[in-house]
Structures are given as structure tokens and as C-alpha cells.
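Presented below is the structure to which this report refers.
The basis for the numbers below is simple: all heavy atoms, side chains too, and nothing from hydrogens, waters or symmetry mates. Letters A, B, ... are given to chains in the order of the sequence lines, protein chains preceding strands, and every chain is numbered from 1.
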Amino acid sequence: MSQSKDFLRTIVEEDLKSGKYKEVVTRFPPEPNGFPHIGHAKSIFINFGIASDYNGHCNLRMDDTNPTTEDTIYVEALKDAVKWLGFDWGDAVYFTSDYFSKIYDYAIQLIKMDKAYVDSLTEDEIREYRGTVTESGKRSKFAQRSIEENLDLFERMKKGEFKDGEHVLRAKIDMSAANMKMRDPLLYRIRHAHHFRAGDEWSIYPMYDFAHCLSDYIEGVSHSICTLEFENNRDIYNWVLDTLGLELPRPYQHEFARLGINYTVMSKRKLLELVENGQVSGWDDPRLPTIAGYRRRGYTPESILNFCDQIGVAKANSMVDVAQLEFCIRDDLNTKVPRVLAVLDPLKVTIENYEGHEEIDAPYYPHDVPKEGSRKLPFSKNIYIERDDFKENPPKGYFRLTPEQPVRLRHGYIITCKEVIKDAGGNICEIKAEYHPDSKSGSDSSGIKVKSAIQWVSAKEAKRVEVRLYDRLFSCEAPEGIQDLNPDSLHVIKNALIEPAVILDKPDERFQFERQGYFYADPIDYTDEKPVFNKIVGLKDSWGKKTKADKPTPEPKAQAKKVQVDGEVVAMTEAEQALFNKYTARSISIEIANTLARDENLSSFYEETLSVLNSPVSLANIVVNEVARELKQTQASELKFSADQIAELVKMVDDETISSKIAKEVFEEMVKSGENPKKIVEDKGLVQISDPSKISPIIDEIIAKNPDNVAKFKAGNTKLLGFFVGQVLKATGGKANPTVVNQLVAESLK
RNA sequence: UGGGGUAUCGCCAAGCGGUAAGGCAGUAGCUUUUGGUGCUACCAUUCGGGGGUUCGAAUCCCUCUACCCCAUCCA
């Protein structure tokens, strides 16, 4: 788990501490209309993770309010995904459809409160009446229906007396709300459709905005965590729960940024499109970011979980680099998986001076993986190596086999190239080589130095396998659609060769094919007769990177710093201008005068303080910088502190009774308690310490405690002055006069 | 254009007035019979821009800019 906690956990902790909830209850509430992807994994990780961190629990709930898109195969996929990731949802999976009758009752209640009405506008009319982001909407004439009529109509909607679209139930909120979502949102629509679970019992179905908050409430959820696009829906969430006057505790919604990964798409719509158009083999295509896809590809749940942990949770929209995910799977598999030898693109090598046959004992794990196990590696005159591991004209820095450079066969002997055989087209088709009998791995006395050891297989014993190599599905970082598909995302090698132990002994399902990557025995297509391996991820390849980078090196790096154009500032009204002039005449800075003049609340508050204390500049500063913050959230009349008190506070700063730092602290206290500043200062003993003889000993102590930083400071890191000042202030509870401290510290450190 | 959000290294991301965490990526070196792993070092004088308040600002105030979400009888 990460060391610093995220904003959600911070909220949860505060709520627990304040006693808002006795227990944390979260939920993972997908709509069963598609296969879950790694974005769902993030949500699962957050919801189940928070629940377990705080000894609460997390419900798995299918949000099945739309019968036309949902299906039971998706609920199975969702359950599989959660289970595979290792989370436990307890006794039962919950379904919103189980709450349909309760939700219906709540709707009745709303109608009876005259907070909901049956609207009979057409779909187009509803849209039209809603208005736009800049124009307010207008309410339907049907909103005036009587409670009785609404009750009657709604019941008949339920009974199925009307056709789809004839009526809807809407909340009566505000058709001119700035938040579009609050313009009388729909609560229920008529849908004569078969529900995969509720069957044909209902002909009306609740909308997300009505069902979700109530389902959360019914289940006793404390923290309803969803993604950012629901921010606007939070107002409805609260409206429904508050209007119904539900008993506390009730849930609150919190939003985080959904996961984006480059070179892939994450929206259900786009994923579905790929599946339906046959661009991929199915929801579990190993190139897809679905859980089923990663699973089939060979990713482990641990790697996905670790990825979710590494990327964190925040509210900033972001696009995570796939490299982060790839790191997680490599990191996990590195310590778990046996290493074997496989040749994907075979080149025949005949070792002319070797006769007979032998079996080399080779460990499955490298020296740095503390696991036991080994297998026999058959060796003979005829072997295959990777075509890439021989170069007739090697580039600089090439470590593998060349006509001049010998190479070691991993776990075996060193060989030297004697002759290169080519076909009619000039392609290399065979290498004639010699081996060095005294160079066997583990008992090498040949004294030959090689630069690398390469994988190989014995021709006779090697098994033929199919290997599927996957590349990113899309060729650009932020793909829009199928036009961005990478045409080479799948490369199938039908005749790769692998050492026999992998097939015969089956030491694992996942392997590292040495020097190539991690591979997974395909869980569906693999048979003993026709083994199939999926490439999970390649090894980090600093050589491949280097050779690739060597070609297109020149890259225009220096890009000019973007100039930012400033927008136009709204002009002041005449009255504001007059005020502004008055303020600047009192030698208030332009900036402060400007904000003061433009804000009526601030200026009137300021005038009030000024009538008590004649200190125009200090007062203006504190009003604009501190009081403004409070005035933003609270009406002037409801502020706990008064203009008089602010004046009093400023007076103490002006005559140096307290420092401005302390003034802020006192102000915070005034905001909370409305206590008199003088009294706060007295009660807490906040009077400023300016006497050097009292401060110096503290400075000496701090300096003695931080020899490293003293050295750094003396070496020229002048920023550290602030560190020492901070420490001294901390030691005195903020009471030391910072100006004096600054001087004294600077002197002491000289 | 109204409302709601968000901006800290190439990519994530801590930080909540007193020394700019960490991970990924990258670079260099050491180790290595995987050009893997491991280890070491380097990698933000600066936090979207500009002002202001303060002894001191990524953090507080003002302002501008950019991006995301909202006008489905989807969720």
C-alpha cells in the first residue's frame, strides 16, 4: 500500500473520526452491459481496498436499471473479474432490480410531496423544454397535474397501460437551474422490455439518478465512490435523499478520475464496437484492456492490483503510460516464473565437430531468483538459434554470433562460426559451426571470452509450438476509433521451436522465454498436440532500443516556451472606479484596491473596519486576503467575527504585539469561535517574542540538531535559511518574531 | 456562451505557509553465462501564466489561460 493516503481515504478517515458513520460501506456498482476493463479494476481496487483498509465492507451491485442493454453474461463476467482480482463480496451479489418495488414506493412518496410529476411531453419536447447551457428551460404544463392525477397516472404506467415514451415521471426541481442535470430530471420511463432478471414484471424502470442514490441508501452505503463524469449528478443524488428526508446516516457521493491508458480505448462503446466488428477475437482478446483480455494474455491479478496501487487516485484527468503496466507484470513474473529456451525465428546451425548426444542439466531459475528446479536440455549436432543472433556484418556493439565472434549457447558450449550457407536468393539458411569441447557451462576451461549467451534448441527434440505476439492495438497514443488501429497488433508464429521440457514436464503455465519475454500457455487454444503460447510482455531490451534509436536520432528538442495570451479583464463600473480611486489615494496598492472596489461585500466590510481603526493599508490587506475567503462561503451577516474584531486584530499586528503569522492563526480561531482576538491571544499566550536573548538559545539548539543542513547552507544552499527559521518558529509555537529570527539565524550561520 | 471540475518532471503522483516525496520512463556506471534482474548515481532553483499578501507561497487572495464533464426516456 502506498505510504501517503489518497483524498478518498482522507475523507473516509475524517468521516469515521467525526462519527458520521460507524462503519465504512462502499460498493462497486457496474451496469452489466459489457465486459469489465482495467478501469473497472481501478474502481474495484479503490472500493474494495478502502473497505478492507477501514474494516468495512464493499458490496458488489449490478446496476441493472436498463433492461434493453443488460445481460446475465455480463454479470458473470463482472463476478469473474472481481473474484479473479481476489476480492470477496460476501454472501450475495446485489442487484438494483431487487429494489424496484422499494424505489417505486419512494417515487410515490415524492409524488405525494408534490416533488414529482408525470410528464406527457414527447421526447423531443422534453429536450426542447430543457433549454441550453446558457438559456434556462421552461417547465412542462403537465407539471401542474394534481397529486391525485399523478398518482393515478404513475400507477397506470406501472400497470403497463401506456406505450413506451407516452409518459415519464420527473422530479420537480428547477427548470432554470444552472446545473442542467437539475432541470426536472427524469425518474422513471416506460419500457415494455424483458429484464434479464426481473422478467416482465415491470413496465417502468427507474433512471440511474433515482435508482442509484436510493440503492446506496438501502444498502447502507457510506461512501458512494464514482468517476468524475458524475459530478453534475451529485446534486440530484443529494436532492433525492434530502427531499425524501431519509434517516441518517445516509451516503454521500465522491468522485475520482477514471483511468486512461495510452494506445488503447477504454469506453465500453468503443470496446463493444471492436468486438462486434470482429477487429478482435472477442471480449477476451489478449490485445484488449478488458480484464478477460489481460487474463487470457497472461497478466496476473497481482500485477493489475499493483498497477492500480502505483497509479494512485486523484481528480485530475490523466493518461497513464502503458509502460507502467508493463513494468508491473514484468516485476511480478520476474520472481515467479521458470526460464526456458525457445527459438521463434529459427536458423539452422550444424556443429560439425560434435557427434552423439547429451543432456545438459539446466536450472529453471537464474541465480537471483531463489527458487529450485531444473530440467534436462538435449544437445546434439543439429540445433537452431534465433536468426537475429547471427550477423554476417554486425553493427557496432553487437555481442552475438558473427563470423569472427564466438558465442555461448546458454547452459551449453561456446561455438564459433565456420561457414555461412546461403540459398539462391542470398539469404542465410544455415551456419556451419564448431564447438569448443572444454567450454561447457559450469566447467569451462577454454579461456574463451564471449560477450553473450544465446538461446537455442536441439533440432531433433525441439517441439513445434504456435506463438502469438501482441503489439499495441492502436498505433497512436489517444486513439479515436478503428481508423487508428495498428494493423500489426497480432503476429502469429506457427512454427516456433521450444525445448521439450516445457511441453513434456509442464513446469508452469507462464514462462520466460529467455532473452525474449514472458509467455503464457493460452488457456483456451492450448492442446498437447498443438501448444499455443501468448506473449505477455517483452523483456526490457536496451540493445533493441539502442539500435532503433540509432537510426532517427536528430530530434528538435528546443521548443520555445509557450507564450500565454492574457484575456481581457472586465472593465470597472463607474462606481467601482470611484471606489478604486478613493482607495489608491489612501496608498492602498493597485491590486488590493482593485479587488476591493470590485466586490461590494468586501468594500462594505472594509469600510466598517476602517471606521474603528485608522489603518487603511493593513486593513485592506487582511480584508482582501483573509476575510475574502470566508466571505466567499458565508454571508456577511452570518460571519462569526465582526468588523470591529478584525480591526482589533490588525491593531495588534500594527503595534507588533503579534506577528502576522500569529494573526492568521488568531483569525482562524475567530472564524471558528467568533471569540475576541485579544482574548484568543491572551488565552493561548500568543504574544510575540522579540527578545534576542530568548530566541538565541533556541536557534543554537536547532543548529546543533541539524549539522547536515548547516553544512548544506554553508555550501551555498541559502534556501535553507527558511528551514531554520521554520524550525525556530515551530519550537516557539510560532511566537518568535520572524523578522528577529531571520536576522539572528543569518548571523549564527555565518 | 451558463454551471461543475482539473492544472506539480516525458507519464502517473505526494505535498494543505517553513529543505519540491515516491513510482514509471530516461541517462551513466557496477554486477551478471538472459543486452533480463539487482545495485549505485544522475534526472523540477521550481509547481499553467501574471499580479498581490507574508520575514517566507506549489500551498492564502485576485486575475487570466488551457483542458475535461453537463442540454440520452444511457449509466
Side-chain angles (χ1 to χ4, degrees), chain A residues 2-4 30-31 33 63 65-66 69 123 126-127 130-137 164-165 168 177-181 183 186 188-191 207-208 212 228-235 255 257 262 310-312 314-321 323-324 327 330 334-335 339 366-369 397 399 408 410-411 441-442 444 450-455 512 514-516 539-544 546 562-569 589 591-592 594-595 598 621-622 624-626 628-629 659-661 664 709 712 717 719-727 729-730 737-739 741-742:
Chain A
S2 347
Q3 57 277 49
S4 54
E31 182 191 13
N33 68 345
D63 208 6
T65 56
N66 185 359
T69 55
E123 202 172 334
I126 288 181
R127 188 170 17 257
R130 187 144 35 213
T132 66
V133 287
T134 44
E135 302 158 57
S136 76
D164 284 14
V168 290
N179 179 358
M180 296 289 294
K181 293 271 180 196
R183 322 253 255 228
L186 274 60
Y188 268 93
R189 79 290 218 183
I190 299 170
R191 276 265 216 280
M207 302 289 291
Y208 164 85
H212 202 93
L228 246 28
E229 65 268 26
F230 291 100
E231 273 172 326
N232 297 313
N233 301 253
R234 188 175 56 223
D235 284 344
E255 311 87 9
N262 57 187
Q310 286 188 9
I311 58 173
K315 293 191 76 160
N317 283 312
S318 55
M319 174 102 84
V320 178
D321 196 333
Q324 189 104 28
F327 166 82
R330 281 193 202 106
N334 177 44
T335 55
R339 318 290 143 125
H367 62 95
D368 50 356
V369 174
F399 291 170
R408 174 175 298 281
R410 176 78 164 142
H411 301 299
S441 191
D444 185 354
V450 290
K451 289 196 172 122
S452 78
I454 62 173
Q455 72 271 27
Q512 185 193 99
E514 288 207 39
R515 303 210 306 134
Q516 313 206 82
L539 258 28
K540 235 173 110 174
D541 181 9
S542 44
W543 169 246
K546 208 182 210 166
K562 258 188 269 170
V563 274
Q564 186 159 293
V565 275
D566 276 7
E568 232 170 272
V569 180
S589 77
E591 191 65 31
I592 298 284
N594 187 31
T595 46
R598 283 167 184 275
N621 283 343
I622 194 166
V624 166
N625 288 301
E626 309 296 327
R629 178 172 55 249
S659 63
S660 61
K661 183 187 172 77
K664 292 204 180 193
N709 282 333
K712 275 195 228 165
N717 190 349
K719 270 186 304 186
L720 253 25
L721 186 67
F723 163 76
F724 287 106
V725 175
Q727 292 297 308
L729 252 45
K730 204 170 153 193
N737 181 332
T739 318
V741 174
N742 264 301

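- When heavy atoms are screened at a 4.0 angstrom cut-off, A/Val133 is found touching base atoms of the nucleic acid.
- B/U40 and B/C64 have their P atoms separated by 49 Å, with the value rounded to a whole Å.
- Between B/C74, B/C70, B/G36, one nucleotide has an atom nearer to the side chain of A/Met180 than all others, and that is B/C70.
- With both pairing distances under 3.5 Å, B/U72 is matched to nothing as a Watson-Crick or G-U wobble pair.
- Searching all strands for a Watson-Crick or G-U wobble partner of B/C39 with both distances below 3.5 Å returns B/G29.
- Where stacking is scored as ring centres under 5.5 Å apart with planes under 30°, A/Trp543 registers as stacked on the base of B/G35.
- In terms of polar N and O atoms assigned as donor or acceptor, the side chain of A/Asn594 never comes within less than 3.5 Å of the base of B/G52 in a complementary pairing.
- Between the base of B/U53 and the side chain of A/Glu626 there is no donor-acceptor pair shorter than 3.5 Å.
- In this structure, CZ on A/Phe399 lies 7.5 Å from CH2 on A/Trp543, to the nearest 0.5 angstrom.
- Under 4.0 angstrom from either OP1 or OP2 of B/A75 there lies at least one side-chain N or O belonging to A/Thr65.
- Within the nucleic acid shown, A/Glu31 comes within 4.0 Å of sugar-phosphate atoms alone, with no base atom in reach, counting heavy atoms only.
- Taking atom CZ of residue A/Phe399 and atom P of nucleotide B/U33, one finds them 14 Å apart after rounding to whole Å.
- If you take CD of A/Gln455 and P of B/U34, they are 12 Å apart, rounded to a whole angstrom.
- Phosphate contact (OP1/OP2 of B/C73, side-chain N/O of A/Arg130, threshold under 4.0 Å): present.
- Under the stacking definition used here (centres under 5.5 Å, planes under 30°), the residue A/Phe723 fails to qualify as stacked on the base of B/G18.
- The CZ-P distance, from A/Arg234 to B/C69, rounds to 17 Å in whole Å.
- Atom CZ of residue A/Arg130 and atom CZ of residue A/Arg183 lie 9.0 Å apart, to the nearest 0.5 angstrom.
- Separation of atoms CG (A/Leu721) and NZ (A/Lys719) is listed at 12.5 Å; rounding is to 0.5 Å.
- Remark: A/Arg515 is in phosphate contact with B/G35, judged by side-chain N or O atoms under 4.0 Å from OP1 or OP2.
- Looking at heavy-atom distances under 4.0 Å, A/Lys315 makes contact with sugar-phosphate atoms alone, never a base.
- Residue A/Asp63 is in sugar-phosphate contact alone, with no base atom involved, counting any heavy-atom pair closer than 4.0 Å across all strands shown.
- Looking at heavy-atom distances under 4.0 Å, A/Ile592 makes contact with sugar-phosphate atoms alone, never a base.
- Among the atoms of the strands shown, only primed sugar atoms or phosphate atoms (P, OP1, OP2) are found under 4.0 Å from some heavy atom of A/Ser542.
- One can place CZ of A/Arg183 at 15 Å from P of B/C70, the figure rounded to the nearest angstrom.
- Nucleic acid contact class of A/Asp541 (heavy atoms, under 4.0 Å, all strands): sugar-phosphate only.
- A distance of 9.0 Å separates CD of A/Gln516 from CG of A/Leu539, quoted to the nearest 0.5 Å.
- Residue whose closest nucleotide on RNA chain B sits further toward the 5' end, between A/Thr69 and A/Asp566: A/Asp566.
- Nucleic acid contact for A/Asn233: base, since at least one base atom lies under 4.0 Å from a heavy atom of the residue.
- A distance of 5.0 Å separates CG in A/Asn66 from CZ in A/Arg191, rounded to the nearest 0.5 Å.
- For the C1' atom pair drawn from B/C61 and B/A25, the interatomic distance equals 38 Å after rounding to whole Å.
- For B/U37, neither phosphate oxygen OP1 nor OP2 lies less than 4.0 angstrom from any side-chain nitrogen or oxygen of A/Thr335.
- For B/U34, the base has no donor-acceptor partner in the side chain of A/Arg410 [N/O atoms by modelled type, under 3.5 angstrom].
- Whole-Å rounding puts the A/Asn66 CG to B/U72 P distance at 16 Å.
- Nearest nucleotide to the A/Ala178 side chain, out of B/G3, B/U34, B/A75: B/G3.
- Out of B/U19, B/C12, B/C55, the shortest distance to the side chain of A/Pro738 is found at B/C55.
- Taking the side chain of A/Ala453 as heavy atoms from C-beta on, and the options B/C73, B/G23, B/U33, the nearest nucleotide is B/U33.
- Judged by distance alone with a 3.5 Å cut-off, a donor-acceptor contact links the side chain of A/Asn232 to the base of B/G3.
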Filtered N/O pairs between nucleotides 25-29 of chain B and protein, under 3.5 Å:
{"unit_1": "B/G26", "atom_1": "OP1", "unit_2": "A/Lys545", "atom_2": "NZ", "d": "2.2"}

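- Nucleotide B/A66 is matched to B/U6 when pairs are restricted to Watson-Crick or G-U wobble geometry with both distances under 3.5 angstrom.
- Distance CZ (A/Arg598) to C1' (B/G51): 13 Å, rounded to an integer number of Å.
- The C1' atoms of B/G48 and B/C9 are separated by 14 Å, rounded to the nearest whole Å.
- In terms of polar N and O atoms assigned as donor or acceptor, the side chain of A/Ser441 comes within less than 3.5 Å of the base of B/U33 in a complementary pairing.
- Under 4.0 angstrom from either OP1 or OP2 of B/A13 there lies at least one side-chain N or O belonging to A/Ser318.
- Taking only side-chain atoms of A/Arg191, from C-beta outward, the nucleotide of B/C74, B/U19, B/A13 with the closest atom is B/C74.
- In terms of phosphate contacts, A/Arg127 brings a side-chain nitrogen or oxygen within less than 4.0 Å of OP1 or OP2 of B/U72.
- In this structure, of B/U33, B/C70, B/U53, it is B/C70 that holds the atom nearest to the side chain of A/Lys181.
- A/Lys719 has a side-chain polar atom (N or O) that falls below the 4.0 Å cut-off from OP1 or OP2 of B/A20.
- Atom P of B/A13 sits at a distance of 27 Å from the matching atom of B/U1, rounded to the whole Å.
- Using a 4.0 Å heavy-atom distance criterion, A/Gly397 is classed as a base contact.
- Two residues, A/Glu568 and A/Asn317, neighbour RNA chain B, and the one matched to the more 5' nucleotide by heavy-atom proximity is A/Glu568.
- Dashed line: the shortest gap from a side-chain N or O of A/Arg189 to OP1 or OP2 of B/C74 is under 4.0 Å.
- Base contact: A/Phe230 has a heavy atom under 4.0 Å from a base atom.
- To the nearest angstrom, C1' of B/G50 lies 9 Å from CD of A/Glu591.
- Using a 4.0 Å heavy-atom distance criterion, A/Lys661 is classed as a base contact.
- At the heavy-atom level, A/Ile454 lies nowhere under 4.0 Å from the strands shown.
- Base contact: A/Val725 has a heavy atom under 4.0 Å from a base atom.
- Counting non-hydrogen atoms under 4.0 angstrom, A/Gly165 reaches a base of the nucleic acid.
- Under the salt bridge (charged side-chain N to carboxylate O under 4.0 Å, His left out) criterion, A/Glu626 pairs with A/Arg629, A/Lys664, sequence neighbours left out.
- Closest to the A/Ser4 side chain, of the nucleotides B/G5, B/A14, B/A75, is B/A14.
- A syn orientation is assigned to B/U72, its glycosidic angle lying within 90° of 0.
- Between the NZ atom of A/Lys664 and the C1' atom of B/U59 there is a distance of 11 Å, given to the nearest Å.
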